Trainee: 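If you scroll down you'll find the structure; I have some questions about it.
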Number of protein chains: 2
Amino acid sequence: MQVKDTAFARKLGAFVALSDAELDILSAMHGRRRTFPAGRDMVHEGQVNRSAYVLAAGWVCSYKTLPDGGRQIVDFQIPGDFLGLRSVLFRTADHNIEPVTRVEASEVQFSDLFEGFAQSPRLATAVLWAASRDEAMVVEHLVGIGRRNAQERTAHFLLELGARLTLVGLATPRGYACPLSQYLLADALGLSAVHVNRVLREFREAGLVTFQKGRVEIHDLAGLVALADFDVAYLDHDGPLLK
Amino acid sequence: MQVKDTAFARKLGAFVALSDAELDILSAMHGRRRTFPAGRDMVHEGQVNRSAYVLAAGWVCSYKTLPDGGRQIVDFQIPGDFLGLRSVLFRTADHNIEPVTRVEASEVQFSDLFEGFAQSPRLATAVLWAASRDEAMVVEHLVGIGRRNAQERTAHFLLELGARLTLVGLATPRGYACPLSQYLLADALGLSAVHVNRVLREFREAGLVTFQKGRVEIHDLAGLVALADFDVAYLDHDGPLLK
DNA sequence: CGTTCTCTTGAATCCATTCAATACGAGTGG
DNA sequence: CCACTCGTATTGAATGGATTCAAGAGAACG
């Protein structure tokens, strides 16, 4: 398999320009390809876990559960995303990972990752950057839940997803395919499913976006951006910083 | 200065057992010591920034602002914490950093950090771990704001702070000094200052904790832990994983 | 062809906010 | 030494955004 063409290599390359030698190291890190059915957890909280994954196809969500049965989805991962890094660096996983759709992913062993770092500090820096970018998204998510109302939050979420999918060629400014149910959306946005439904209806009636039948159709991008106060700066993808 | 004894070295050492040679590299990373007065931002959103800091003394907060004037505090940093890593890896800072008290911090240049990685992949791994631990805290914060009510959230926050301060010797199970105003607390918890005040009064009346005059006095630790459903697992400090 | 998700809408409820007013201590300057 | 400010803490009352409860409709699936 040519790693150079994978979404993962493209993503790391966005921060650190990777040489052929480094791409080979990256290639060596990729273990066997695995597939996971939708709905059954790939990683479970508290589980001792020695491997992370790079998503090749499908969507997953990372979430935490609460004693009252509720859950909070921290983030969704789309093709090209690294997942489970924290559950590898920590002794045990501190969150759950559930495939939203059927998923294909390459396994990455901690030992291989660490050896890759030894061979190339630039690679280590790139992975650190990727982790920081993930953190930036979680931070933005936190800000949204803490200080934005339901409409702003939902609009922001749909725009962020669009921006991320665009990076891997899975969205256009017009819209994108989105396999998320309103329940999943609610668990991510810190709202009730009922309220998510209302917000989506309001968006539809206002001619901003329609989210139906697994597709997000953006009818008024400018309007949405204004409503959500969306700024892609935190996604930081302006080309390699480390040449 | 002997870096071995700093809170930062102690923290990294919690994940990767660092050799003397690695401690020397770490030492070389520390640039000049700087002090910052309370209240004036050390790092401002959008600012191009080439250095991070390791907090030696004092408290700072990282926050983002919203167009309506509100703000969300993402995290507080206490002595020993790394801060501004993201604003260094990204071209520009994606958040603000404001000293809550007068602060002393050592500057860390990106170039020095990167060179340290080249000399020791174990160090790179340790920094990646530290970043992941920060992310884990943000994630827990996200879960709290998304799915916990005001009481649970506040209790959880006070306990997390206690656990973190204990690690650097600044707290006991009985309580700790805390320079945060109710306004800062509100901005961190995604609540209004008025409501934070009410929650704190309820805690006082219930004999759980008192937070007055810059001190948090914990009267019923078990009760607080139960209320907040607090579990330190996500702080992951069970000794070095990489020997 | 019934079961199970998912989506949808209305009505009642409630937690937290906003508005408003008071109190208190630390500074500051007349 | 007192008046005045300013930041912080405190409490009551009214408001409101989102939740919960409830019920029905559609689509998907074995």
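So you know, we letter chains A, B, ... as the sequences are listed, proteins then strands, and number each from 1. Given the structure is predicted, the values throughout are model-derived calculations rather than measurements.
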Trainee: Is it true that A:Glu140 and A:Arg148 have a side-chain N and a carboxylate O under 4.0 angstrom from each other?
Mentor: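 Salt bridge present between A:Glu140 and A:Arg148.
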Trainee: Tell me: CG of A:Asn149 to P of C:dA16, nearest whole Å?
Mentor: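 From A:Asn149 CG to C:dA16 P: 17 Å.
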Trainee: Between the base of D:dT20 and the side chain of A:Arg198, is there a donor-acceptor distance below 3.5 Å?
Mentor: yes
Trainee: For D:dT19, does the base pair up with any side-chain atom of B:Arg147 as donor and acceptor (N or O, under 3.5 Å, distance only)?
Mentor: no
Trainee: Quick one: A:Lys213 NZ to D:dA28 P, roughly how many Å, whole number?
Mentor: 9 Å
Trainee: Does A:Gly190 reach a base, just sugar-phosphate, or nothing at all? Heavy atoms under 4.0 Å.
Mentor: sugar-phosphate
Trainee: Can you pull out every salt bridge (charged side-chain N to carboxylate O under 4.0 Å, His left out) where at least one residue sits in residues 150-163 of chain A? Sequence neighbours excluded, please.
Mentor: A:Glu160-A:Arg164
Trainee: In residues 177-188 of chain B, which residues come under 4.0 Å of DNA chain D by heavy atom?
Mentor: B:Ser181, B:Gln182
Trainee: Looking at the side chain of B:Asn197, which of C:dG10, C:dA16, D:dT11 is the nearest nucleotide?
Mentor: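 Side chain of B:Asn197 sits closest to D:dT11.
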Trainee: I want to check something: taking the side chain as every heavy atom from C-beta on, are A:Tyr53 and A:Ser51 in contact at a cut-off of under 4.5 Å?
Mentor: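 Touching, per the 4.5 Å side-chain cut-off.
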Trainee: Grab the CZ-P distance between A:Phe211 and C:dT8 for me, whole Å please.
Mentor: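 After rounding, the gap between these two atoms is 10 Å.
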Trainee: Less than 6.0 Å separating the ring centroids of B:Phe211 and B:Phe203?
Mentor: no
Trainee: Roughly, in whole Å, what's the span from CD in A:Glu202 to P in D:dG17?
Mentor: 11 Å
Trainee: Expressed as a whole number of angstroms, how long is the span from B:Glu152:CD to C:dC15:P?
Mentor: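 After rounding, the reported distance stands at 12 Å.
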Trainee: Over all heavy atoms of both residues, which pair between B:Ala56 and B:Arg33 is shortest? Give the atoms and the distance, please.
Mentor: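 Nearest heavy atoms, B:Ala56 then B:Arg33: CB-NH2, 3.0 Å.
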Trainee: Compare every heavy atom of B:Pro173 with every heavy atom of B:Ile218, then report the nearest pair and how far apart it is.
Mentor: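 That closest heavy-atom pairing would be CB-O, 3.7 Å.
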Trainee: What integer distance in Å separates A:Arg148:CZ from D:dG17:C1'?
Mentor: 17 Å
Trainee: With the side chain of B:Leu191 defined as its heavy atoms from C-beta on, choose the nearest nucleotide among C:dA16, D:dT11, C:dG10.
Mentor: C:dA16
Trainee: Determine the contact category for B:Arg153: base if any of its heavy atoms lies under 4.0 Å from a base atom, sugar-phosphate if only primed atoms, P, OP1 or OP2 are that close, otherwise nothing.
Mentor: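 No contact.
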Trainee: Assess whether atom CZ of B:Arg215 is packed by more than 12 heavy atoms of other residues, nucleotides or ligands within 6.0 Å.
Mentor: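 Correct, the count exceeds 12.
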